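Accompanying notes for the structure given below.
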Amino acid sequence: MKFPRLGIIGILLILSTNDVISSNILGLFLTHSPSHVIVHMGVVRALVKRGHNVTVVTSMRLKDPNFGYRHIYLKTLEHTQNDTFTMMDTVISAPFYLKPYKFFLVGKEMIEKYSSYNLDPDYISFKKENNHFDLVLLGYQYNELNLGEAAHFKCPSVLVWMMQPFGHISRLIGNPNLPAFVPYSPFIPPNAMDFTHRVLNYIFYVVEGIITKIFEHVLKIYYDQIYPSPEYPSYWKTKKNISLIFYNHHFSEAPVRPLVPGLIEIGGIQIKEKPDPLPKDLQDYLDNSSQGVIYFSLGSNACGLHVKEHTYKMIFEVLSSLKYNVIWKLDEIKHPGNASNILYKSWLPQDDILPHKNVKLFITHAGKGGVTEAEYHEVPMVALPIMDDQPSNARNMQAKGHGLVLDHTTMTKETFREAINEVLKNKTYKNNVQTFSRLYKDRPMTAKQTAVYWIEYVIRHRGAPHMQSPLKDLNVLQENSVDVILFLLLMLYISFKLGKMLIKYCFNKLVRRFGFPKDIKSDHKKE
Ligand SMILES: *[C@@H]1O[C@H](CO)[C@@H](O)[C@H](O)[C@H]1NC(C)=O
Ligand SMILES: *[C@@H]1O[C@H](CO)[C@@H](O)[C@H](O)[C@H]1NC(C)=O
């Protein structure tokens, strides 16, 4: 009797030595974009499951049920939500040559609004009561300002970015930028850049570099107000202290790029490897739709507001006339009408629906998250992109053969119906997306395991300063070896000049000693 009990205790002891020490982690996700927060919460979900104590601070109400984190919702930032959308609209509607400028103005205004996070009474009292954190996880959207919180808690910081890293993001972690083959704009195709693309890419890369450089000085002004020295380290020091950047991308999606150890791919972190059980009505609906289900959603970003009412009517008329069942996500959109084959819902667990075997097609606005989820779960798509990066996500998706893209402003009932039938009936789309899914999932560690491993690594090694890329200490000229090249050219020039002087000197010496060889001179004249 005693022996097994001792044995069990022994086993427990052995297990517990391998067990994680729960860390206190602060997640700061001050964005109003649900597609960003989904990615951030993917990391939180993995950390909570691993047993860490995570506190999440958001400026947005979270819709999903809480899975075991502490949540602080900054009510005082609520009004910034609509402001953000209006501001983004001014960028979208600006002519292309004014976009960078408008974007800069909007960014500045957004910083002004967001910089008030530190004045939220709930956050102030929270900070008073809690003064120990092992790590700050910052949802990144050009908001280095918020890194001041890591400086406040004197702990390492890790950023989460929701797509591929642009030039500025690589620079933050000291990853080399190579605009010759790594695209730095969502408008440049990930593969096969031709000369024109490389020119455009280079221009985009330089313009983004200049804008973000100017922007940083704006950020610094706010930083200095909220985190004054000498109480806090300087903006530049805090920024340089970033331990890791996670980004939501995987090389199988193209492009392939070189990575320093601090820039880590967690593509698909928002996707559950095993779907959660569905609400009973949805489960039954999906199970009973043996003829197949079309899942229709234009996302959660108020995108639907940009689609005209008659387009909705048209979509409704086509979908209601199909022999497939339809799950339609309503979002700030007027109810288009009832049909026996359409199930309307205002909230849907997309990631749990897409893996169902009866889902045959996803009609999407082509947000990065939705496209990735569909690709992961092997569902071909018809995309109706609306704004931001959606048109380029959609184009890339079509180029990979995972579905078709339609322009919602010009499509007709016929073209819409044709696209749906083509993707449903032609097996190549399904086959392509299946092949891709296999490549995407084939990794040494899942996205969640990767994120957890590296966060624990940073905590274990107190910020892991040995991982810092030396590139962080170099300026633009040094980074591109311009100083070295100029130095070598100068050396070459000097040695050339010196050589010339030396030869001249020797020559003159020779002439003086032996006189000018006359016959050579006369030979030369004859020619
Ligand atoms: C979890 O973190 C919160 C916030 O710092 C803290 O108040 C709480 O005591 C922590 N719980 C545990 C079990 O450490
Ligand atoms: C940098 O991070 C370390 C922990 O990783 C922390 O102790 C230190 O205070 C931070 N320094 C600055 C300047 O933020």
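When a ligand or atom number is given, it counts from 1 through the structure's own listing order. All of these numbers come straight from a predicted model, not from anything done at the bench.
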Give the numbers and elements of all ligand 1 atoms closer than 4.0 Å to a heavy atom of [X].
X      : value
Phe133 : 5 (O)
Thr55  : 4 (C)
Asn130 : 3 (C), 4 (C), 5 (O), 6 (C), 7 (O)

**Asked** What salt bridge (Lys or Arg N to Asp or Glu O under 4.0 Å) pairs are there with at least one residue in residues 436-448, not counting sequence neighbours?
**Response**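 Residue pairs with at least one partner in residues 436-448: there are none.
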**Request:** Output every pair passing salt bridge (Lys or Arg N to Asp or Glu O under 4.0 Å) with a member in residues 130-151, not counting sequence neighbours, ordered by first then second residue.
**Result:**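 Qualifying pairs, neighbours excluded: Lys127-Glu149.
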**Message:** Are Phe153 and His132 an aromatic pair, judged by ring center distance below 6.0 Å?
**Reply:**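 Ring centroids of His132 and Phe153 are no less than 6.0 Å from each other.
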**Request:** Determine, using ring centers only, whether His461 and Trp454 are less than 6.0 Å apart.
**Result:**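 Judged by ring-centre distance (under 6.0 Å), Trp454 and His461 do not meet the cut-off.
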**Asked** Which part of Leu26 is near ligand 1, with near meaning a heavy atom under 4.0 Å away: side chain, backbone, both or neither?
**Response**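 Contact part for Leu26 vs ligand 1: neither.
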**Prompt:** Between Arg70 and ligand 1, which part of the residue brings a heavy atom under 4.0 Å of the ligand: side chain, backbone, both or neither?
**Reply:**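 Only the side chain of Arg70 comes within reach of ligand 1.
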**Message:** With a 4.0 Å heavy-atom cut-off, what residues sit around ligand 2?
**Reply:**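 Within 4.0 Å of ligand 2, protein side: Lys154, Pro156, Pro233, Asn241, Arg462, Gly463.
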**ligand 1 N/O within reach of Asn53 N/O, cut-off under 3.5 Å** =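 There is such a contact, yes.
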**Asked** Looking at Leu282 and Pro349, what are the two nearest heavy atoms and their distance?
**Response**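 Residues Leu282 and Pro349, closest heavy atoms: CD1-CD, 3.8 Å.
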**Message:** Please find the pair of heavy atoms, one from Pro165 and one from Ile169, that lie closest to each other, and give the distance.
**Reply:**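 Pro165 and Ile169 have their closest heavy atoms at CB-CG2, 3.7 Å.
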**Request:** Taking the side chain as every heavy atom from C-beta outward, state whether Pro279 and Lys345 have any atom pair closer than 4.5 Å.
**Result:**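 Heavy-atom side-chain distance check fails, nothing below 4.5 Å.
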**Asked** Within 45° of the six-membered ring axis of Phe251 and under 6.0 Å from that ring's centre, is NZ or CZ of Arg257 located there?
**Response**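 Cation-pi check for Arg257 and Phe251: fails.
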Using atom types as modelled, flag every donor-acceptor pair under 3.5 Å from a side chain in residues 53-60 to any protein atom, sequence neighbours excluded.
{"from": "Asn53", "atom 1": "ND2", "to": "Asn24", "atom 2": "OD1", "distance (Å)": "2.6"}
{"from": "Thr58", "atom 1": "OG1", "to": "Met60", "atom 2": "O", "distance (Å)": "2.7"}
{"from": "Thr58", "atom 1": "OG1", "to": "His71", "atom 2": "NE2", "distance (Å)": "2.8"}
{"from": "Ser59", "atom 1": "OG", "to": "Thr31", "atom 2": "O", "distance (Å)": "3.4"}

